[in-house]
Chemist: 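One structure, pasted below without further comment.
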Protein chains: 2
Amino acid sequence: MADSHDAPLDVAAQIRTDIIKGKLEPGTKLREVALAERYEVSRIPIREALRTLEADGLVESRKFSGSVVAPSPAEDAEDLFEIRIVLESATAKRAARRAAELSAGGEHDAKWSEIRAEINEILEAGDAVIADERFEDLAVLNMRFHFAVAELSGSLSFISLLRQISGKIEWLYSLNLMRRGPQAWPEHREIIAAIDAGQVEQAAETMARHVRRSRDSYFATMSERP
Amino acid sequence: MADSHDAPLDVAAQIRTDIIKGKLEPGTKLREVALAERYEVSRIPIREALRTLEADGLVESRKFSGSVVAPSPAEDAEDLFEIRIVLESATAKRAARRAAELSAGGEHDAKWSEIRAEINEILEAGDAVIADERFEDLAVLNMRFHFAVAELSGSLSFISLLRQISGKIEWLYSLNLMRRGPQAWPEHREIIAAIDAGQVEQAAETMARHVRRSRDSYFATMSERP
DNA sequence: GATTACAGTTTTGTATACAAATTGCCCCTC
DNA sequence: GAGGGGCAATTTGTATACAAAACTGTAATC
């Protein structure tokens with residue numbers, strides 16, 4: 001099957017991809033019938049998808065006035081990084097606390113082990129991708145890593161909030177083409193090490209530093225080539 | 001017109017109210033046909049409403065498995081307050097910065113003036129409500145105030161994130177019956193004063209203190225009567 | 001007696017059809 | 001010629017109808 005929009009698997013994901021890849025530019029009016037024809041479904045799934053994307057901040061809707069592609073996230077990139085710094089240090093802190101509790105109690109939390117194992121897979125997959133210099137795949141793995149950490153925290157609120165901004169973050173990174181990936185990847189292991197060790201403050205600080213570097217790198221490359 | 005669910009004005013708002021007021025308890029399965037009958041509309045508006053509420057974190061949905069009322073926000077009240085502290089100090093800071101820019105440039109931003117006027121109305125309405133001891137109306141005004149500040153910040157990301165957690169916050173407060181309202185209300189004027197004056201750091205700190213007090217009051221009353 | 005397979009029921013997902021609201025355009029009037 | 005009002009075309013919102021998937025209970029077999 002083709003990768004663009006043959007199978008009506010998840011319309012929201014397809015529209016999201018088209019927005020992130022730049023096929024649908026900010027400000028574009030999203031007419032429901034046009035989208036219905038394009039993705040070969042009826043208007044109803046399109047409407048559902050638009051509501052989902054609205055929640056993700058990728059489109060904006062007004063009653064009886066339709067939906068448009070939201071402004072480029074570059075507009076408030078600073079906000080997004082600021083939010084990430086506070087949000088993700090909090091999740092890392094929470095995850096480390098849970099690690100400490102679990103190891104103290106000696107309990108075997110099945111959910112924890114499962115996520116923890118997935119993180120190892122993600123980290124190794126990242127190494128492989130870097131070795132093969134297939135950097136474009138790194139953005140997805142990066143998002144998966146940060147999500148997995150949020151899941152380790154066990155807080156539904158944090159997961160849900162990260163999910164809320166992840167759409168725009170991904171959009172942002174695709175503009176930047178994830179150039180920092182190779183240098184950034186090893187930092188993930190530091191974060192996990194701190195979490196595993198139950199070092200609460202260090203986990204938070206390592207994560208905050210990681211995101212800050214990411215931010216600085218983003219603005220550096222964006223000022224080079226606007 | 002009645003206040004419960006006669007007019008099909010906004011189904012999402014009605015379901016939200018029913019969840020917050022406890023008429024729909026966490027874990028309750030939300031069958032679409034049942035809701036359609038209850039609110040006297042078809043299934044389609046119900047589905048739209050459920051997507052909206054899912055984005056607000058009040059319901060959880062799984063494909064082909066329907067929607068259920070989300071777990072009580074009391075579960076992660078600490079997380080919610082922690083998020084609010086960082087998020088809302090950031091919005092207050094941003095709003096103060098914009099105020100400083102506008103007054104320096106001498107520009108008349110129509111949008112700003114409009115929101116600023118609305119805030120005055122909200123503050124006065126709050127005073128009136130307190131004078132009449134109609135405290136149950138204060139929760140709504142409180143949410144409106146915090147939203148208005150977010151709008152002053154001009155950052156769509158912040159507004160959208162606050163909107164994401166506001167549903168749960170409101171839910172949380174309704175469990176607490178907003179006992180701190182009368183003491184808390186004057187603090188809102190301090191926050192606005194700092195913003196108007198363009199005092200960036202003070203706006204952030206005042207807002208953070210406001211939310212921290214709110215948190216402490218919440219846990220105090222909740223420990224009294226669990 | 002327990003387990004598995006199957007069918008009936010229930011519930012969600014989707015398509016088609018129609019009503020309501022907005023927007024833009026044209027014509028009429030001043 | 002300019003401005004306002006109303007009509008029509010476009011677009012979103014909603015209802016009805018149908019298809020697909022999941023759950024449940026029963027029965028048959030091991």
Side-chain angles (χ1 to χ4, degrees), chain A residues 1-2 4-19 23-71 163, chain B residues 1-2 4-19 23-71 110-111 114 160 163:
Chain A
M1 41 188 153
S4 67
H5 49 260
D6 271 344
L9 280 162
D10 187 0
V11 187
Q14 294 181 42
I15 301 179
R16 175 182 288 119
T17 303
D18 284 351
I19 291 177
K23 291 182 188 173
L24 295 169
E25 292 184 9
T28 305
K29 294 207 71 170
L30 298 171
R31 302 278 161 62
E32 294 178 359
V33 285
L35 293 174
E37 288 175 14
R38 175 169 185 173
Y39 298 104
E40 294 174 335
V41 289
S42 171
R43 274 180 56 212
I44 305 294
I46 297 289
R47 290 174 64 81
E48 306 262 319
L50 288 175
R51 291 295 168 279
T52 303
L53 294 172
E54 189 183 5
D56 288 356
L58 295 185
V59 310
E60 295 173 356
S61 302
R62 289 197 323 255
K63 198 166 171 69
F64 281 108
S65 175
S67 307
V68 298
V69 179
R163 175 171 149 55
Chain B
M1 41 188 155
S4 67
H5 50 263
D6 272 343
L9 281 161
D10 188 0
V11 186
Q14 294 182 40
I15 301 179
R16 174 183 287 120
T17 303
D18 284 350
I19 292 177
K23 291 182 187 173
L24 295 169
E25 292 184 9
T28 306
K29 294 209 69 171
L30 297 171
R31 303 277 159 62
E32 293 178 358
V33 285
L35 293 174
E37 288 175 12
R38 176 168 185 175
Y39 298 104
E40 295 175 335
V41 288
S42 171
R43 274 180 56 214
I44 305 294
I46 297 289
R47 291 174 65 81
E48 306 262 319
L50 289 176
R51 291 295 168 280
T52 303
L53 293 172
E54 188 183 6
D56 289 356
L58 294 185
V59 311
E60 295 173 354
S61 302
R62 289 196 325 253
K63 197 169 170 66
F64 280 110
S65 174
S67 307
V68 298
V69 179
K111 189 80 181 168
E114 186 188 326
S160 142
R163 176 169 150 57

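So you know, we letter chains A, B, ... as the sequences are listed, proteins then strands, and number each from 1. Because only heavy atoms are used, hydrogens play no part in the values below, and waters and symmetry mates are left out as well, while side chains stay in.
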Chemist: Between P on D:dA21 and CZ on B:Arg62, what's the gap in Å once rounded to a whole number?
Modeler: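 Between P of D:dA21 and CZ of B:Arg62: 17 Å.
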Chemist: Could you state the atom-to-atom distance from CD of A:Glu48 to P of C:dA15 in whole Å?
Modeler: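 It is 11 Å, rounded to the nearest whole Å.
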Chemist: If you check every side-chain atom of A:Arg43, which of C:dA15, C:dG13, D:dG13 has the closest atom?
Modeler: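 From the listed options, D:dG13 comes nearest.
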Chemist: Of the non-hydrogen atoms in B:Leu53 and B:Ala12, which two are nearest, and what is the gap between them?
Modeler: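 Taking every non-hydrogen atom into account, CD2-O, 3.8 Å.
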Chemist: Looking only at non-hydrogen atoms, find the nearest pair between A:Pro71 and A:Pro26 and report the distance.
Modeler: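 Scanning both residues, the minimum pair turns out to be CA-CB, 4.0 Å.
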Chemist: Is the distance from OP1 or OP2 of D:dG13 to the nearest side-chain N or O of A:Arg51 less than 4.0 Å?
Modeler: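 Yes, A:Arg51 has a side-chain N/O under 4.0 Å of OP1/OP2 on D:dG13.
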Chemist: Which atom pair, heavy atoms only, marks the closest approach of B:Leu24 to B:Thr28?
Modeler: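 So the two residues come closest at C-OG1, 4.2 Å.
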Chemist: So which protein nitrogen or oxygen atoms get under 3.5 Å of nucleotides 6-11 of chain C's nitrogens or oxygens?
Modeler:
{"unit_1": "C:dT11", "atom_1": "OP1", "unit_2": "B:Arg31", "atom_2": "NH1", "d": "3.1"}

Chemist: How many whole angstroms separate atom CD of A:Glu40 from atom C1' of C:dT14?
Modeler: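 Interatomic distance, CD of A:Glu40 to C1' of C:dT14: 15 Å.
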Chemist: Tell me the interatomic distance from B:Arg47, atom CZ, to C:dA15, atom C1', rounded to whole angstroms.
Modeler: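 After rounding, the reported distance stands at 12 Å.
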Chemist: Expressed in angstrom and rounded to an integer, what is the separation of A:Leu50 atom CG from D:dT12 atom P?
Modeler: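 My rounded result for the distance is 9 Å.
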Chemist: For A:Ala49 and A:Ile15, work out which heavy atoms get closest and say how close.
Modeler: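 Closest heavy-atom pair between A:Ala49 and A:Ile15: CB-CD1, 4.2 Å.
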Chemist: Rounded to the Å, how far apart are A:Lys29 NZ and C:dT23 C1'?
Modeler: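 Distance, rounded to whole Å: 9 Å.
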Chemist: Restricting to non-hydrogen atoms, name the atom on A:Leu50 and the atom on A:Ser67 that form the minimum distance, rounded to 0.1 Å.
Modeler: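 Looking at all heavy atoms of both residues, the shortest contact is CD1-OG, 3.9 Å.
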Chemist: Rounded to whole angstroms, how far apart are CD on B:Glu54 and C1' on C:dT12?
Modeler: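 After rounding, the gap between these two atoms is 14 Å.
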Chemist: Output the rounded distance in Å from CD1 (A:Ile46) to P (C:dT16).
Modeler: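 Nearest whole value for this atom pair: 13 Å.
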Chemist: Quick check: closest heavy atoms across A:Arg163 and A:Asp56, and the distance to 0.1 Å?
Modeler: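 Heavy-atom minimum between the residues: NH2-OD1, 3.9 Å.
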Chemist: Consider the side chain of B:Pro45, meaning its heavy atoms from C-beta on, and name the nucleotide among D:dA15, C:dG13, C:dA15 that approaches it most closely.
Modeler: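 From the listed options, D:dA15 comes nearest.
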